[in-house]
Undergrad: 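Got a structure for you, questions after.
All chains are named by letter (A, B, ...) in the order of the sequence lines, taking the proteins before the strands, and each is independently numbered beginning at 1.
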Number of protein chains: 2
Amino acid sequence: MNPPTPRPQPIGRLAEATGLKVPTIRYYEQIGLLPSPPRSQGNRRLYPDSAIARLRFIRHARELGFEIESIRQLLDMADHPDQSCADADSIARRHLADIQSKIARLTALGEEVSQMIAGCRQSSVRQCRVIQVLADHGQCLGEHLAGSVKINEK
Amino acid sequence: MNPPTPRPQPIGRLAEATGLKVPTIRYYEQIGLLPSPPRSQGNRRLYPDSAIARLRFIRHARELGFEIESIRQLLDMADHPDQSCADADSIARRHLADIQSKIARLTALGEEVSQMIAGCRQSSVRQCRVIQVLADHGQCLGEHLAGSVKINEK
DNA sequence: GCTACAATCTCTAGCGACTAGAGAAGCAAG
DNA sequence: CTTGCTTCTCTAGTCGCTAGAGATTGTAGC
Ligand SMILES: [Zn+2]
Ligand SMILES: [Zn+2]
Ligand SMILES: [Zn+2]
Ligand SMILES: [Zn+2]
């Protein structure tokens with residue numbers, strides 16, 4: 001007679017369903033990304049099904065390199081689907097610019113490091129190109145400028 | 001009569017000479033990258049000229065993305081110039097591999113994010129491609145796998 | 001019911017490489 | 001002497017988790 005009520009899930013099952021670790025889910029709750037679910041008699045968290053979608057969203061955004069603060073805003077927007085998506089798009093564009101800066105920086109670093117390695121004749125430290133270049137930026141190819149951009153994430 | 005003795009420098013001048021910030025220099029001392037210099041009567045650090053070269057080495061290596069622990073080993077080698085440079089080279093090769101992994105990962109992310117942005121018609125959140133893709137990895141181009149590689153540094 | 005064992009709970013601390021701030025003391029010029 | 005700059009030490013914050021301790025709860029087998 002009752003409509004099939006989906007059972008609330010304990011945190012471990014939620015972790016399985018989303019690919020996140022249990023402490024990570026608790027962490028997301030702690031920082032307010034995931035609403036605190038109701039608890040069982042014994043104080044265990046019991047999640048509604050909607051938590052899975054929310055956590056998958058978070059996980060996917062993290063895998064794509066979005067910062068937690070951006071994800072917070074994106075989730076807010078996802079919760080208000082009638083608003084304009086301009087803000088979501090600008091977050092994504094900002095993120096893309098960030099990714100591209102990081103790639104540019106890493107490419108420059110990679111070239112310098114490649115050159116160091118290629119230039120080494122495998123003898124003593126005294127004659128090692130790696131050590132020599134590290135000691136003197138003048139021997140670098142280019143500027144590989146100190147990043148104003150942070151190259152972060154897992 | 002005396003040979004021209006270079007004056008020991010206070011930390012601020014060292015910061016100027018190396019482009020590092022004063023607290024950063026103290027931090028490097030604290031973690032044992034830079035030896036503790038003698039102090040003045042008033043307990044100020046007074047650095048010998050050799051500190052400049054050492055700090056420039058550190059700074060340059062950091063700008064090239066080497067981790068502190070690698071730099072510690074590289075400095076040890078630089079202090080023993082008669083040894084083989086094999087270890088220095090393998091540190092550099094490892095670092096290069098790391099850089100290349102990061103570039104690969106960022107390139108994959110960048111493609112996904114570009115697609116999200118390009119697919120958006122700038123209307124409501126409900127129809128926003130950015131939000132839709134974040135909610136469903138199935139709409140991604142590829143795998144942009146969760147990094148075992150850390151994309152770090154400034 | 002009882003006994004294992006697994007899952008979950010809270011809380012704290014650690015990672016890397018700094019950066020920021022407080023509050024005290026030293027130092028040089030006017 | 002006073003003003004203002006530099007330096008000192010110490011603590012805490014950044015980011016996104018992760019690891020661990022120690023306590024409690026839930027569950028399956030007997
Ligand atoms: Zn070499
Ligand atoms: Zn250089
Ligand atoms: Zn949009
Ligand atoms: Zn995806």
Undergrad: Without decimals, in angstroms, what is the distance between A/Leu20 CG and D/dT18 P?
TA: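 Going from A/Leu20 (CG) to D/dT18 (P), I get 9 Å.
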Undergrad: Which whole-number value in Å describes the distance from A/Ile11 CD1 to D/dT25 C1'?
TA: 15 Å
Undergrad: Tell me: CD1 of B/Ile31 to C1' of C/dC18, nearest whole Å?
TA: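 Result: 9 Å.
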Undergrad: Provide, to the nearest angstrom, the distance between the CG atom belonging to B/Leu34 and the P atom belonging to C/dC18.
TA: 13 Å
Undergrad: Between C1' on D/dT7 and CG on B/Leu46, what's the gap in Å once rounded to a whole number?
TA: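 One finds 11 Å between C1' of D/dT7 and CG of B/Leu46, rounded.
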Undergrad: Report yes if at least one side-chain N or O of B/Arg26 is closer than 4.0 Å to OP1 or OP2 of D/dC8; otherwise report no.
TA: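 Answer yes for this pair, as a side-chain N or O of B/Arg26 is under 4.0 Å from OP1 or OP2.
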Undergrad: I need the NZ-P distance between A/Lys21 and C/dA7, as an integer number of Å.
TA: 16 Å
Undergrad: OP1 or OP2 of C/dA7 versus the side-chain N and O atoms of A/Arg13: is any pair under 4.0 Å?
TA: no
Undergrad: Write down the distance between CZ (A/Arg45) and C1' (C/dC9), rounded to a whole number of angstrom.
TA: 7 Å
Undergrad: Is A/Arg39 close enough to C/dT10 that one of its side-chain N or O atoms is under 4.0 Å from OP1 or OP2 there?
TA: yes
Undergrad: With DNA chain D as reference, determine whether A/Tyr27 or A/Asn43 sits nearer its 5' end, using the nearest nucleotide of each.
TA: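 Here A/Tyr27 is the residue nearer the 5' end.
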Undergrad: Between A/Ser40 and A/Ile68, name the one whose nearest nucleotide on DNA chain D is closer to the 5' end.
TA: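 Result: A/Ile68.
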Undergrad: Rounded to whole Å, how long is the line connecting atom CD of A/Glu69 with atom C1' of D/dC15?
TA: 10 Å
Undergrad: Rounded to 10°, tell me the angle between the two end axes of the helix from C/dG1-D/dC30 to C/dG30-D/dC1, each built from five pairs.
TA: 20°
Undergrad: Whether A/Thr24 contacts D/dG16 is assessed here as follows: a side-chain N or O lying under 4.0 Å from the phosphate OP1 or OP2. Is that the case?
TA: no
